[in-house]
Structures are given as structure tokens and as C-alpha cells.
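Every number for a ligand or one of its atoms is a count from 1 in the order of the listing.
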Amino acid sequence: SVSVIGTGDFGRALAVRLIQGGYTVHMGSQDPGGRREFLEAVSPALTGVSIVRIQEAIQLSNVIFLAVNSQHHESLKQHSEQLVDKILIDVSNPDKPSKITSAAEKLQALLPSSHVCKAFNTTSAYALTDGSSIGNKVVNISANDLEVRSTVKRLAMDMGLQAVEMGGLQSARDLERRQQTLLSASNCKITRGNSSIRLHALFSKYTLNFRRVTLTYIGNGFKVGSQWPLNVFNVVLACMAINQLALCYLPGCLAAFIQIAKGTKYKAFPRWLDLWLKMRKQLGLYGLLFAIMHACVSL
Ligand SMILES: NC(=O)c1ccc[n+]([C@@H]2O[C@H](COP(=O)([O-])OP(=O)(O)OC[C@H]3O[C@@H](n4cnc5c(N)ncnc54)[C@H](OP(=O)(O)O)[C@@H]3O)[C@@H](O)[C@H]2O)c1
């Protein structure tokens, strides 16, 4: 049996996957009575799962997933006696990872008699519950004890995931930092403002110089309406949203055409397309940002 502390998005996803892997799962919650109905409503696969108090969940298993935010790790100190010699899997991704240590190492220092292991933080609740191949299903495992790493590796494989041993708990620093690179991947420098700001400037110039100011201004007999700065700004935002979204979806279509033309999906794409494909998340986020701004200004 395996315990999962925390009944949030990730705790539930882990529990579903563990049950599918043949494990008996005990979910530890601060409010087991109150959470049952919610849990069964949002995750029907968890109907009938054992939901107990955190202390009981710790007692019931030797392997415990800690699916709570890292700022709550301190609260485990009160259970340190029951946690002696137990494997504690820290899945957290701190909002602001420390430059000198990791949340997993801090947890190990807090609970020196437990075996802390960093794992599962590089996958998402969505990837775990989604049956298709979308999403990262590779579990990176860091732990000081070789046997602990093997146990967690076997667990991950039973859950239908791939597992990679990263080494001692120190390697958790890299795993935690890796999750913070959403908008700073070195190969995506071009999207870090540069191209978007240039595109924004281009649309502003076009809209200001030509479409609104020149044409409307002339058309209105050279009278500037009080709304025009807002309108100009809003047109730029709309253009930006549409273009960023188009830039987000276009490379996927091009890639599909290339695969059809080549008759295989096992040939590498040209480098420019490869880079473009890797930027899609950032481009989509920029598109969403501009669309939200456009909606706000329109309102
Ligand atoms: N969501 C993801 O896709 C994902 C992916 C990778 C890693 N993670 C990591 O997984 C952890 C949980 O993420 P989440 O998305 O599931 O968060 P969440 O939806 O906010 O759930 C966190 C859960 O922690 C429990 N909790 C809150 N305060 C607590 C406390 N003081 N002591 C013990 N338990 C407490 C609560 O469950 P009860 O009310 O039942 O106690 C709460 O539902 C985070 O560290 C996150 O970085 C999440």
C-alpha cells in the first residue's frame, strides 16, 4: 500500500495512477470527512478510496507521496516519529526555488530519520491522468539511498511511467529549477519579448501611421475623436493576439505537411522548424495575454 498526503490536483492524479497500477492507496487529508464528496465528484476513479487523517495515512504505508506545496513541509515535523525509516516522495515545485539548496534537501534536514526522495515533480497532473501519449511521462528520481531510488523507480514503472535515476538528493536542485524555465529556455530567446515587442511595434506603427490616424483622420475632416488612442491601442492588441495564436498553431501544421510529404514521422524536422515547434507554448501564452488585454480594453 502507498499513502498520498494532499488531496489536491496532483495528489488525486497520483492516487488514480497508483490504483491503476494495482496499489492500495490511502489518501491523507487535513479534513478527510469534508473531502470525500468532492474527491469522488471530481475523480470518479477514486470512488471508495480510503481517505484518512494525515497521521493515519503515514502509519498505513511505508511509501508516502507528499503532494502538498513545499511551504507546508514544515507541518510534517509533528509526525517525525511516525515517519522514521519511511520513504517520503517530495513532488513539489517551489514557486521560488532556492539558489543554494532544494525543497527536498530542506525536507530531509527537517526529517533526518526518513528517506526523502525527489520525484514526479517534472510531470503534471494532466499528463498523469490523460491516457494519451501527450505530456511528460518521465519520472526523474533523486535520493541519497540506492535502495530508495530503486523502490521509487519500480513504483513509477508500475504506474506505467518511465523512470530515470538522477543520483543523490542534491540533483533535486536541478529538477526543481528546471520547472521554472517556462519562459526562459535558452533556445526560446527569440520569444522572450524580442520578437513580440518588435511585432507589437510594427502593428502600432502600421495602425497609428496608416489605418487609424491617416485614413480615419482624413475621412473625418481632420477631427480627432476622443476615443482614438484607445481604439488604436485595441486594434494593435487584437492584431497581436491573432498573430501570436497563428504563430503558435502554424508550425504544427507545417510539421504535419512535412511528415506527409516525407511519408514518415521518424525524420528530423529542419532546425528552424524544430526551434519554432519548441516555442509554441510561449507564443500561445503571449497570444492569450494579448487576447485578455484586448477583451479588457474592449469592455
Ligand atoms: N498540479 C500539478 O500538475 C503538479 C505537477 C508537479 C508537481 N506538483 C506539486 O504537487 C504539489 C501539490 O500540487 P497540487 O496541484 O495538488 O496543489 P493543490 O491542488 O493546491 O493541493 C494541495 C493539497 O495539499 C493539502 N494541504 C494544504 N495545506 C496543507 C498542510 N498545511 N499540510 C498538509 N496538507 C496540506 C490540501 O489537501 P487536504 O485539504 O486534503 O489536506 C491541498 O488540497 C505541489 O507541491 C506542486 O508543486 C503539482
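- Residue Gly6 has no N or O atom closer than 3.5 Å to an N or O atom of ligand 1.
- At least one heavy atom of Val91 sits under 4.0 Å from some atom of ligand 1.
- Nearest protein heavy-atom contact of atom 13 (O) of ligand 1 is Phe10 CB, 3.9 Å.
- Here's the thing with Gln30: one of its N/O atoms is less than 3.5 angstrom from an N/O atom of ligand 1.
- Taking every non-hydrogen atom of Ala67 and a distance limit under 4.0 Å, the qualifying atoms of ligand 1 come out as 11 (C), 12 (C), 22 (C), 23 (C), 24 (O).
- Judged purely by distance below 3.5 Å, without hydrogens or angles, the side chains of Ser1 and Thr24 never pair a donor atom with an acceptor atom.
- Those atoms of ligand 1 that come under 4.0 Å of a heavy atom in Ser29, given as number and element, are 38 (P), 40 (O), 41 (O).
- Between Arg35 and Ser29, the side chains place no donor N or O within less than 3.5 Å of an acceptor N or O (distance only, hydrogens not considered).
- In this structure, the protein non-hydrogen atom closest to atom 19 (O) of ligand 1 is Asp9 N, 3.2 Å.
- Of the protein's heavy atoms, Gly8 CA, 4.0 Å lies nearest to atom 18 (P) of ligand 1.
- Residue contacts with ligand 1 for His72 involve side-chain atoms from C-beta outward but no N, CA, C or O (heavy atoms, distance under 4.0 Å).
- Residue-ligand proximity: Ile5 is placed with every non-hydrogen atom at 4.0 Å or more from ligand 1.
- When all heavy atoms are compared, the tightest approach of Val84 to Ser114 is N-OG, 4.3 Å.
- Those atoms of ligand 1 with a heavy atom of Ser124 less than 4.0 angstrom away are 3 (O), 5 (C).
- Side-chain contact check for Trp276 versus Phe269: every heavy-atom pair is 4.5 Å or farther apart.
- A salt bridge is absent between Asp145 and Arg149; no separation between the charged side-chain nitrogens and carboxylate oxygens falls under 4.0 Å.
- Thr123 places none of its side-chain heavy atoms less than 4.5 Å from the side chain of Leu161.
- Donor-acceptor pairing under 3.5 Å is lacking for the side chains of Ser3 and His26.
- Checking only distances, Phe120 never comes within under 3.5 Å of ligand 1, N or O to N or O.
- You'll find the side chain of Glu74 reaches within 4.5 Å of the side chain of Leu110, heavy atoms only.
- Judged purely by distance below 3.5 Å, without hydrogens or angles, the side chains of Glu147 and Ser150 never pair a donor atom with an acceptor atom.
- For the side chain to side chain donor-acceptor pair (under 3.5 Å) with Asp90, the qualifying choice from Lys106, Gln108, Lys118 is Lys118, the only one to do so.
- Both the backbone and the side chain of Asn69 come within contact range of ligand 1, each with a heavy atom under 4.0 Å.
- The backbone of Thr123, and not its side chain, has at least one atom closer than 4.0 Å to an atom of ligand 1 (non-hydrogen atoms only; backbone = N, CA, C, O).
- Atoms of ligand 1 lying under 4.0 Å from any heavy atom of Asn121, numbered from 1 in the order shown and given with element: 6 (C).
- Ligand 1 has no nitrogen or oxygen under 3.5 angstrom from a nitrogen or oxygen of Tyr126.
- Under the 4.5 Å side-chain criterion, counting only non-hydrogen atoms from C-beta, Lys86 is not in contact with Val63.
- Looking only at protein heavy atoms, the nearest one to atom 32 (N) of ligand 1 is Ser75 OG, 3.5 Å.
- Of the protein's non-hydrogen atoms, Val68 CG1, 3.7 Å is the one closest to atom 25 (C) of ligand 1.
- Screening Val91, Asn121, Asn93 against Phe10 for a side chain to side chain contact (heavy atoms under 4.5 Å, CB included) leaves a single residue, Val91.
- Ligand 1 is approached by Ile54 to a heavy-atom distance shorter than 4.0 Å.
- In terms of N/O distances under 3.5 Å, ligand 1 is not approached by Gly28.
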